[in-house]
Each structure stands twice: as structure tokens, then as C-alpha cells.
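Here the structure is laid out as C-alpha cells; the discussion comes afterwards.
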Amino acid sequence: MSKVQTTEELLKRLEQGEAINLVDVREDEEWEDGHIAQARHVALSRLQESMDELRPEDGTIWLICRSGARSGRACDYLSAVGYDVVNVEGGMLSWPGEIVTGR
């Protein structure tokens with residue numbers, strides 16, 4: 001079972017300057033429509049071939065998607081292969097902070 005955090009908790013930690021290893025697993029178009037500035041983009045559809053982009057050496061990997069479902073699947077997979085992961089509950093639909101658009 002993966003750990004879960006709220007978008008409010010993520011925002012609070014980012015505002016406090018904590019370095020969060022945040023990965024957005026949405027598809028390219030969704031990412032370009034708006035994402036969290038500190039996030040890196042690794043689409044769920046490319047996750048297996050993009051494992052080197054996850055940077056587990058940077059600490060627990062926080063995963064976010066649109067609603068929390070895809071990031072939950074990514075968490076289940078990554079947790080099963082030994083990664084320390086957190087699913088951001090509610091995803092971008094409940095993100096209370098600023099977003100940036102484009103690549």
C-alpha cells in the first residue's frame with residue numbers, strides 16, 4: 001500500500017522550501033496545459049522506459065496526475081519494484097497552488 005499525501009500538504013512543503021522529488025505522470029498535452037513548477041514530467045505511458053528520470057537518489061518520489069488514479073497506479077508499480085513513493089491525493093484537480101504552462 002502506497003503512502004498518500006494531500007495537495008495541501010505538498011503545497012505547504014514546497015512553500016517552506018522543501019526539495020520534493022515531484023513527478024507528474026500525466027500525458028504531454030495535460031502537462032503543457034498546466035503543471036507545478038517544481039515537477040518533472042514522466043508520462044505514465046513512458047514510465048517503464050523512463051525509470052532513470054525518477055531520481056530516487058533525490059528522496060521519496062511524489063507522484064501526481066489529474067485526479068490521483070494514474071499516479072496511484074504508478075505508485076503501486078514503483079513500490080512493487082522497490083521505490084519509496086507517495087501518491088498525491090486528488091491530483092491537479094485539487095491543486096491549490098500556482099501552475100505554469102508549456103513544456
Side-chain angles (χ1 to χ4, degrees):
M1 178 87 182
S2 298
K3 293 175 279 193
V4 174
Q5 285 285 359
T6 64
T7 52
E8 289 81 7
E9 177 66 19
L10 173 59
L11 179 61
K12 186 177 89 179
R13 289 177 177 222
L14 290 172
E15 286 177 342
Q16 291 170 348
E18 190 174 330
I20 301 278
N21 187 3
L22 179 62
V23 175
D24 189 320
V25 298
R26 296 174 301 154
E27 294 305 314
D28 295 348
E29 187 176 291
E30 294 172 287
W31 165 264
E32 290 168 16
D33 283 345
H35 56 272
I36 300 168
Q38 295 90 335
R40 287 192 322 286
H41 184 222
V42 180
L44 183 61
S45 59
R46 297 191 306 269
L47 186 63
Q48 287 181 305
E49 59 265 27
S50 304
M51 299 286 275
D52 57 329
E53 295 176 40
L54 298 176
R55 301 187 201 154
E57 66 277 6
D58 291 346
T60 300
I61 302 165
W62 291 55
L63 295 144
I64 193 164
C65 65
R66 188 179 74 88
S67 67
R70 281 175 284 178
S71 54
R73 289 201 301 275
C75 280
D76 291 344
Y77 171 74
L78 292 171
S79 181
V81 296
Y83 286 80
D84 185 22
V85 292
V86 168
N87 187 22
V88 181
E89 190 174 50
M92 291 302 291
L93 288 176
S94 63
W95 174 246
E98 297 287 314
I99 61 166
V100 293
T101 57
R103 296 185 181 274

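Quantities reported herein were computed from a predicted structural model and do not represent experimental measurements.
- The salt bridge (Lys or Arg N to Asp or Glu O under 4.0 Å) pairs that include a residue from residues 77-98 are K3-D84, where partners are two or more places apart or lie in different chains.
- Residue pairs meeting the ring pair (Phe, Tyr, Trp, His ring centres under 6.0 Å) criterion with at least one member in residues 67-103: none, sequence neighbours excluded.
- L54 places a side-chain heavy atom less than 4.5 Å from the side chain of L47.
- The heavy-atom pair separating L93 from S67 by the smallest distance is CD1-CB, 4.0 Å.
- Residues satisfying the salt bridge (Lys or Arg N to Asp or Glu O under 4.0 Å) test with D58, not counting sequence neighbours, are none.
- The environment of R40 atom CZ is dense: over 12 non-hydrogen atoms of other residues, nucleotides or ligands sit within 6.0 angstrom.
- In this view, E32 and R103 satisfy the side chain to side chain donor-acceptor pair (under 3.5 Å) rule, not counting sequence neighbours.
- Across all their heavy atoms, T60 and N21 have their closest contact at O-CB, 3.2 Å.
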Subject >> side chain to side chain contact (heavy atoms under 4.5 Å, CB included) between R26 and D33, intermediate numbers included >> reply: CA-CA 11 Å; R26 296 174 301 154; D33 283 345; 5.9 Å; no
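- Comment: E9 engages R13 in a salt bridge, judged by a side-chain N to carboxylate O separation of less than 4.0 angstrom.
- Remark: R46 engages D28 in a side chain to side chain donor-acceptor pair (under 3.5 Å) (not counting sequence neighbours).
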- Trace of the side chain to side chain contact (heavy atoms under 4.5 Å, CB included) decision for E27 with R70: CA-CA 10 Å; E27 294 305 314; R70 281 175 284 178; 4.3 Å; yes
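- Residues G68 and N87 approach most closely at O-ND2, 3.2 Å, considering heavy atoms.
- Counting only residues at least two apart or in different chains, ring pair (Phe, Tyr, Trp, His ring centres under 6.0 Å) contacts with residues 10-42 comprise W31-H35, W31-H41.
- Within 6.0 Å of atom CD in E29, 12 or fewer heavy atoms from other residues, nucleotides or ligands are found, so the atom counts as exposed in its surroundings.
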